[in-house]
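None of these values were measured; they are calculated from a predicted model. Just the heavy atoms: all of them, side chains too, but no hydrogens, waters or symmetry mates, feed the values below. Letters A, B, ... are given to chains in the order of the sequence lines, protein chains preceding strands, and every chain is numbered from 1.
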There are 2 protein chains.
Amino acid sequence: MNTAPISHSADEPRWLTAEEQLVWRSYIEAATLLEDHLDRQLQRDAGMPHVYYGLLVKLAESPRRRLRMTELARYAKITRSRLSHAIARLEKNGWVRREDCPSDKRGQFAVLTDEGHEVLRRTAPGHVNAVRQALFDRLTPEQQKSLGEIMRIVAEGLQPREAGADLPWLR
Amino acid sequence: MNTAPISHSADEPRWLTAEEQLVWRSYIEAATLLEDHLDRQLQRDAGMPHVYYGLLVKLAESPRRRLRMTELARYAKITRSRLSHAIARLEKNGWVRREDCPSDKRGQFAVLTDEGHEVLRRTAPGHVNAVRQALFDRLTPEQQKSLGEIMRIVAEGLQPREAGADLPWLR
DNA sequence: CAAGAGAGATTGAGAGTTCAAGTACTGGAG
DNA sequence: CTCCAGTACTTGAACTCTCAATCTCTCTTG
């Protein structure tokens, strides 16, 4: 049975094939479910959404537990605006503190407080466990490796671009 | 050099290995960047976030372009509450209309309007293009296949569970 | 058939995110 | 030194999402 010819004329979009649609659908579903799952887990056990938790982790891994706002935003792949709001909230919780940058009066450091570090220490095991259960425990080593490669490629493709706008790294 | 033995005692959490951390990091980054990218693309070109677009697509694919609220929520992997708010917004735009279910007075159908269908027709090419550019064009056929399998597994693992709470399918 | 458990959907308030605009400062060109 | 384009960060408003009710209706059970 011949269906319409696959002519990729200039304005005829290249629709997703049936297989591609399945892949895409699976991706969307898993990504949605996973993010929701982790958000719930962390909201319940640590009192913050997944993104916020990630910010604390980045800070904990940084020298002197501090990072410039822009840098932290870049690492976390979020906008500066979003980060400002997030840090404001975390500051209210006493988990992060802001500090002026001595060498650049415009600059701010986000600094993980001892209290913030303690929250991480207490909740990290539960979180790792959730990630394992949802992802790693279900995949073969080959699949894990493959997933890493794939996501690295995708992330790279959407990354930095040259500077510009409010989001040097986004678009 | 011997580091601490890898004893998985009951309360000692199984931390992620270095490789696992890299995979997880890549996943988070790619997922964040991708969702943001598509949200921007669709907000700009179609005037709605990615999730809302997905809702219209599901409706368009359904018989008589309609779906019960709960069913639509289940397909889209979101809570009923979220869906209610979303449909309210889409209704304001004139892209969706609600209809009572004749056989169950509690039930509601979300129905795609002609206007809604037209929005999809107009914006689908650009969206498919964005998805291709960000994902499919960068992956080999094997990687695409692999990604599909992986995400299917993950989604399945977080899926339904038995009935209960507000989210029969989410935990 | 009355009672009550449970399903289907919505609501409102609080929390988080986006977008566009604003403030404060830096660094290089003239 | 002065300008000023560009960088660093914040802000407020509009929008979206979550969570805990709430409301209506269905269905089972005694």
What's the CG-P distance between B/Leu42 and D/dC15, to the nearest Å?
18 Å
Do any pairs count as a ring-ring contact (aromatic ring centres under 6.0 Å, His included) and have a residue in residues 83-130 of chain B, sequence neighbours left out, and if so which ones?
B/His50-B/His127, B/Tyr53-B/His127
For DNA chain C, which residues of residues 104-111 of chain B approach it to below 4.0 angstrom with any heavy atom?
B/Arg106, B/Gly107, B/Gln108
Less than 4.0 angstrom between a side-chain N/O of A/Arg44 and OP1 or OP2 of D/dC19, yes or no?
no
Pick the nucleotide of DNA chain C nearest each of B/Asp39 and B/Glu71; which residue has the one closer to the 5' end?
B/Glu71
Could you tell me which residues satisfy salt bridge (charged side-chain N to carboxylate O under 4.0 Å, His left out) with B/Lys145, sequence neighbours excluded, listed by chain and number?
B/Glu149
Tell me, please, which residues at least two apart from B/Val23 pass side-chain contact (heavy atoms from CB on, under 4.5 Å).
A/Phe136, A/Leu147
Closest heavy-atom pair, A/Leu34 versus A/Ala134, reported as atoms and distance to 0.1 Å, is CD1-CB, 3.7 Å
Ignoring backbone atoms, test whether B/Arg80 places a side-chain nitrogen or oxygen under 4.0 Å from the OP1 or OP2 oxygen of C/dA9.
no
Looking only at C/dA9, D/dC17, C/dT18, the nucleotide nearest the B/Tyr52 side chain is D/dC17
Send over the distance from A/Lys77 NZ to C/dT17 P, rounded to a whole Å.
17 Å
Between P on C/dT18 and CE on B/Met48, what's the gap in Å once rounded to a whole number?
18 Å
Per A/His85 side chain, nearest of listed nucleotides D/dT10, C/dG16, C/dT18:
C/dT18
Near DNA chain D, which residues from residues 89-102 of chain A have a heavy atom under 4.0 Å away?
A/Arg98
Go through the structure and list residues passing side-chain contact (heavy atoms from CB on, under 4.5 Å) with B/Ala110, not counting sequence neighbours.
B/Leu59, B/Met69, B/Leu72, B/Ile87, B/Val96
Listed partners of A/Glu29 passing salt bridge (charged side-chain N to carboxylate O under 4.0 Å, His left out), at least two apart:
B/Lys77
Please report the distance, rounded to the nearest Å, between CZ in A/Arg40 and P in C/dA15.
17 Å
Does A/Ser84 make a side-chain donor-acceptor contact with the base of D/dC9, cut-off 3.5 Å?
no
What integer distance in Å separates B/Ile87:CD1 from C/dA9:C1'?
12 Å
Ignoring hydrogens and geometry beyond distance, is the side chain of A/Ser81 in donor-acceptor contact with the base of C/dC19 at under 3.5 Å?
yes
Which residues share a salt bridge (charged side-chain N to carboxylate O under 4.0 Å, His left out) with A/Asp137, sequence neighbours left out:
B/Arg14
What's the CD-C1' distance between B/Gln43 and D/dA14, to the nearest Å?
11 Å
Sorted by chain and residue number, the salt bridge (charged side-chain N to carboxylate O under 4.0 Å, His left out) partners of B/Glu118 (sequence neighbours excluded) come out as B/Arg121
With respect to the side chain of B/Arg82, which nucleotide from D/dT18, D/dC9, C/dA9 is positioned closest?
D/dT18
Does A/Thr113 reach the main-chain N or O of A/Arg97 with its side chain, forming a donor-acceptor pair under 3.5 Å?
no
Could you check how far CG of B/Leu67 sits from P of C/dG8, rounded to whole Å?
14 Å
Let me know the distance between NE2 of B/His50 and C1' of C/dT18, rounded to the nearest Å.
17 Å
Can you give me the closest heavy-atom contact between B/Arg68 and B/Asp104, atom names plus distance?
NH2-OD2, 4.1 Å
